[in-house]
Amino acid sequence: MSQEAGQPGQPGPVEAMMAGDAASRMLGIELVDHGEGWARTQMTVRDDMVNGHGICHGGMIFSVADTAFACACNSWGPVTVAAECDIVFAAPARAGDVLTAEARLRSRFGRTGLYDIAVESDGRLIAEFRGRSSELKMPV
């Protein structure tokens, strides 16, 4: 896994953020790899993540995409949060599917960033997520 700017032997901003991310940990979301302006996360859909139709709950798909987004937009160093997100579901995911979300920077301007995140399973597009980030003026 890539490590961004920081002292040798010290975690970069993405690793530090993920170390405290209890929500992603609870869902089994793992950071696969990342670099400046991009990140890849993965999550296996568990039986307790499906809805009443037997397909993965949309909130779970949103979560794996949102974690990739958070990792990509925090890769630059300053604390950055989501300002706006939307998602389009393209295909259902089911229990046992491994979801991979890949976030990519589209544009940075001022303290704002625009990122596109594709969520796939076994080469199948599950969802497209777009996020607008905002860099905080002061650390949290």
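Just so it is clear, the structure is predicted and the values come from calculations on it, not from any experiment.
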(request) Might you confirm whether atom CG of Asp47 has over 12 heavy atoms from other residues, nucleotides or ligands at distances under 6.0 Å? (result) no

(request) Run the numbers on Arg25 and Met18 for side-chain contact (heavy atoms from CB on, under 4.5 Å), then give the verdict. (result) CA-CA 8 Å; Arg25 200 167 32 258; Met18 287 299 290; over 6 Å; no

(request) Please check if atom CG in Asp48 has more than 12 non-hydrogen atoms from other residues, nucleotides or ligands closer than 6.0 Å. (result) yes

(message) On a heavy-atom basis, which atom in Leu99 and which in Ala93 lie closest, and how many Å separate them?
(response) CD2-CB, 3.8 Å

(request) Could you tell me whether Arg111 and Glu135 have a side-chain N and a carboxylate O separated by less than 4.0 Å? (result) no

(message) For a quick test of reading the model, state the closest non-hydrogen atom pair linking Gly77 to Pro13 and the distance between them.
(response) CA-CG, 3.8 Å

(message) Could you check whether any side-chain heavy atom of Arg40 comes within less than 4.5 Å of a side-chain heavy atom of Thr100, counting everything from C-beta outward?
(response) yes

(request) Grab the two heavy atoms, one from Arg94 and one from Pro92, that are nearest each other, plus how far apart they are. (result) NH2-CG, 4.1 Å

(request) Answer yes if the side chains of Glu36 and Ser75 hold a donor-acceptor pair under 3.5 Å, and no otherwise. (result) no

(message) Could you see if Ile87 belongs to whatever hydrophobic cluster contains Leu114? Use Ile, Leu, Val, Met, Phe, Trp, Tyr and a side-chain cutoff under 4.5 Å.
(response) no

(request) Report yes if the side chains of Glu30 and Thr41 come closer than 4.5 Å at any heavy-atom pair, otherwise no. (result) no

(message) So, applying side chain to side chain contact (heavy atoms under 4.5 Å, CB included) with Tyr115, which one of Cys85, Cys73, Ser107 is it?
(response) Cys73

(request) Determine the minimum heavy-atom distance between Val14 and Cys71, stating which atoms define it. (result) CG2-O, 3.3 Å

(message) Check for me, please, whether Val50 and Met26 land in the same ILVMFWY cluster - side-chain distances under 4.5 Å, paths through other members count.
(response) yes

(message) So, using side chain to side chain contact (heavy atoms under 4.5 Å, CB included) as the criterion, who are the partners of Arg124 when residues are at least two apart?
(response) Ala91, Asp97, Ser121, Ile126

(request) Determine whether Met43 and Met49 make a side-chain contact, defined as any pair of heavy atoms from C-beta on separated by less than 4.5 Å. (result) yes

Name the atoms and distances for all side-chain donor-acceptor pairs under 3.5 Å in residues 54-70, with sequence neighbours left out.
| from | atom 1 | to | atom 2 | distance (Å) |
| --- | --- | --- | --- | --- |
| His57 | ND1 | Gly59 | N | 2.8 |
| Ser63 | OG | Gly59 | O | 2.8 |
| Thr67 | OG1 | Ser24 | OG | 2.8 |
| Thr67 | OG1 | Ser63 | O | 3.1 |

(request) Answer yes when Arg130 and Glu128 have at least one side-chain N-carboxylate O distance shorter than 4.0 Å, and no when they do not. (result) no

(message) Using a strict threshold of under 4.0 Å (side-chain N to carboxylate O), is an ion pair present between Arg106 and Asp116?
(response) yes

(request) With rounding to the nearest 0.5 Å, note down the distance linking CD in Glu120 to CG in Leu125. (result) 6.0 Å

